[in-house]
Number of protein chains: 2
Amino acid sequence: MELRTIGYFVAVADAGSVSAATRLTHITQPSLSRQLRQLERELGLELFTRQDGRLTLTPAGRQFLPVARDLLSRADATRAAAARIRAGSLPTVTVAAPAVTLNDIVAPFFATFGPDDPMPRVLPLDASDEYGALDRGADLVIGTRPPSGTTARTPLASFPVNAYVRADHEWAGRREVTLAELVEHDLLVPTPESHARRAFDAAVETAGLPVRLTEFSSSQVAQAVAAAGRGIAVVSDDPRYDLVRLLVTTGSGDVLRIGLHAAWSPHHHGAAHLAVLVQRLRRFVRDRYDQPR
Amino acid sequence: MELRTIGYFVAVADAGSVSAATRLTHITQPSLSRQLRQLERELGLELFTRQDGRLTLTPAGRQFLPVARDLLSRADATRAAAARIRAGSLPTVTVAAPAVTLNDIVAPFFATFGPDDPMPRVLPLDASDEYGALDRGADLVIGTRPPSGTTARTPLASFPVNAYVRADHEWAGRREVTLAELVEHDLLVPTPESHARRAFDAAVETAGLPVRLTEFSSSQVAQAVAAAGRGIAVVSDDPRYDLVRLLVTTGSGDVLRIGLHAAWSPHHHGAAHLAVLVQRLRRFVRDRYDQPR
DNA sequence: CGATGTTACGTGATACGTAACAATT
DNA sequence: AATTGTTACGTATCACGTAACATCG
């Protein structure tokens with residue numbers, strides 16, 4: 001039983017005769033006649049009675065006809081679905097990102113979606129192999145490392161890593177502090193999953209500096225402890241407890257920043273839509289976090 | 001796009017590789033590989049990416065997969081429907097009969113149907129070509145003529161044609177009256193579509209007798225007029241207005257009766273169910289109309 | 001090497017068209 | 001005669017299997 005043969009059956013039933021159905025099927029009458037008989041043999045049903053040199057639907061055929069029609073309409077729907085995909089439709093979009101990013105950035109962005117936007121789905125990432133998620137169901141990956149390989153990419157935003165000190169600290173009047181200066185103190189940092197921590201760890205490792213870290217599961221708690229004068233909080237969020245913000249500069253003089261990058265496959269069938277979506281996300285992030293540039 | 005190729009796609013997606021899918025499809029790996037590529041060309045979709053000597057679903061393929069699965073499940077449903085028909089299922093049963101019979105007999109019978117019985121449908125018949133309805137959608141025909149041809153048949157019941165006279169009529173003490181006697185009087189008859197009228201007309205025509213008929217669209221009105229002494233009502237229903245019932249005998253001495261016959265195709269896929277249904281109908285009619293024999 | 005998937009080539013099945021036939025109207 | 005559907009026969013297509021090749025772990 002194939003779609004073709006089912007189509008032949010419906011054509012004959014609709015046209016009322018094999019001869020008339022040839023106009024619908026574009027095959028010759030004997031071929032059509034044979035296919036029909038074979039379908040009957042295959043299904044084990046007598047769909048038509050042959051009498052008086054004519055075909056008339058049997059009750060079995062009459063009962064099977066709507067079933068056959070339904071199957072054909074599903075086949076049409078399948079072809080239509082393929083066409084929509086080909087045209088780049090995105091009924092759902094799956095965004096993969098570290099859990100922190102999903103909560104802090106992706107989720108608020110999804111909250112701005114309208115009814116015509118795709119249904120958002122989400123895929124939490126473990127730190128390693130961020131962009132491999134593109135092969136495991138993600139349409140879009142938001143990562144902190146610049147994507148490698150043949151992915152399309154857009155830098156979304158970058159957030160400075162802040163070192164927060166008390167207003168009575170000796171650095172309170174400065175705007176920046178070097179990494180080398182910083183590691184001389186007790187540092188209050190969030191967990192290794194956080195963006196700030198990862199950026200900080202990477203910079204420290206590059207510089208080969210020893211550090212004394214105290215880890216907090218919440219960066220706000222880290223700030224509170226800094227406000228108590230027990231160390232310097234190195235976090236990425238906004239200041240609390242009247243703490244003073246210092247930017248952190250690396251050995252090469254750059255300000256230590258957390259980069260957020262969006263990546264997707266340029267061969268994705270909805271790549272155009274994805275690019276638009278990423279632009280919206282970029283604008284959203286910059287508006288929300290008041291980014292420069 | 002055929003069911004076979006769609007099945008190949010789903011098999012490969014499920015198995016994770018072409019090689020593994022050969023266990024599901026029972027064709028060799030190169031053939032499967034080719035069919036898959038052809039499906040991609042036909043749909044215009046890149047369902048898998050070929051990289052690292054492996055296939056991985058693209059977002060397009062991931063989006064198409066549930067659609068393909070749905071089509072296959074519909075195909076299974078279609079095959080299952082064919083199997084049910086083959087086994088003789090009757091989700092609906094279409095009974096064809098003259099409108100009078102549908103109202104007076106078939107409809108009350110349908111009222112006794114339980115939830116497991118087929119959904120009843122109905123097809124009004126014109127008097128001529130009663131049993132031709134079997135080719136126009138009827139599973140079962142209830143007719144007044146004995147069916148001809150190769151149909152399966154069961155006599156359902158027969159109702160006498162009654163001649164109703166007033167209690168003060170000269171015939172009031174008799175049980176029967178001959179057709180020849182009857183036609184000497186003014187006769188009050190129902191419309192030509194009714195069973196009684198048709199049986200009466202046929203008998204009269206056979207006997208070659210002249211008649212004086214007054215036609216009423218309701219046999220109860222005919223009885224009322226007979227009660228008024230304006231003629232003899234020749235109808236098939238039960239007496240009213242204290243009229244006296246006489247059976248009508250033909251020239252050959254038989255009592256004039258209306259026969260009801262059920263007919264269906266012995267090749268009908270649900271012929272067994274139909275036979276049972278007809279037996280129920282027969283019992284129903286006899287119980288309800290208190291038939292002899 | 002042992003997986004993978006693709007390409008090449010030959011074969012068998014089969015869907016198809018042309019032609020001839022049979023049966024009704 | 002004109003229409004219907006079936007049978008017969010030859011052909012072209014196409015799905016399939018075997019084999020050889022390419023690539024990656």
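These numbers come from a predicted model, not from an experiment. Throughout, a chain's letter reflects where its sequence line sits, starting with A, and its residues are numbered from 1.
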Less than 3.5 Å apart, any donor N or O on the side chain of B:T101 or B:H195 sitting next to an acceptor on the other? yes

Looking only at side-chain N and O atoms, does B:S89 offer a donor or acceptor that is under 3.5 Å from a partner on A:Q63?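 Yes - a donor-acceptor pair under 3.5 Å links their side chains.
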
Would you kindly give the [atom1]-to-[atom2] distance between [X] and [N], to the nearest whole Å?
X: A:L32; N: C:dA15; atom1: CG; atom2: P; value: 13 Å
X: A:Q29; N: D:dA8; atom1: CD; atom2: P; value: 15 Å
X: B:Q51; N: C:dT6; atom1: CD; atom2: C1'; value: 16 Å
X: B:L36; N: C:dT6; atom1: CG; atom2: C1'; value: 12 Å
X: B:E40; N: C:dG5; atom1: CD; atom2: P; value: 13 Å
X: B:H26; N: D:dA15; atom1: NE2; atom2: C1'; value: 17 Å
X: B:E2; N: D:dC14; atom1: CD; atom2: C1'; value: 12 Å
X: B:R54; N: C:dT4; atom1: CZ; atom2: C1'; value: 6 Å

How is [X] classified with respect to the nucleic acid when contacts are heavy atoms under 4.0 Å: base, sugar-phosphate, or nothing?
X: B:Q35; value: sugar-phosphate
X: A:S31; value: base
X: A:Y8; value: sugar-phosphate

Spell out, as yes or no, whether a donor-acceptor pair under 3.5 Å connects the side chain of [X] to the backbone of [Y].
X: B:E40; Y: B:L47; result: yes
X: B:R74; Y: A:L71; result: no
X: A:T206; Y: A:A202; result: yes

Can you tell me if the side-chain N/O atoms of [X] get under 4.0 Å from OP1 or OP2 in [N]?
X: A:Q38; N: C:dA15; result: yes
X: B:R37; N: C:dT6; result: yes
X: A:S33; N: D:dG5; result: no

Tell me which nucleotide among D:dG5, D:dA15, D:dG17 gets nearest to the side chain of B:R4. D:dA15

Closest-nucleotide mapping onto DNA chain C: is A:T28 or A:D52 further toward the 5' terminus? I mean the 5' end. A:T28

If you go through the side-chain atoms of B:R34, does one of them form a donor-acceptor pair with the base of D:dG17 closer than 3.5 Å?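 Flag set: donor-acceptor pair detected.
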
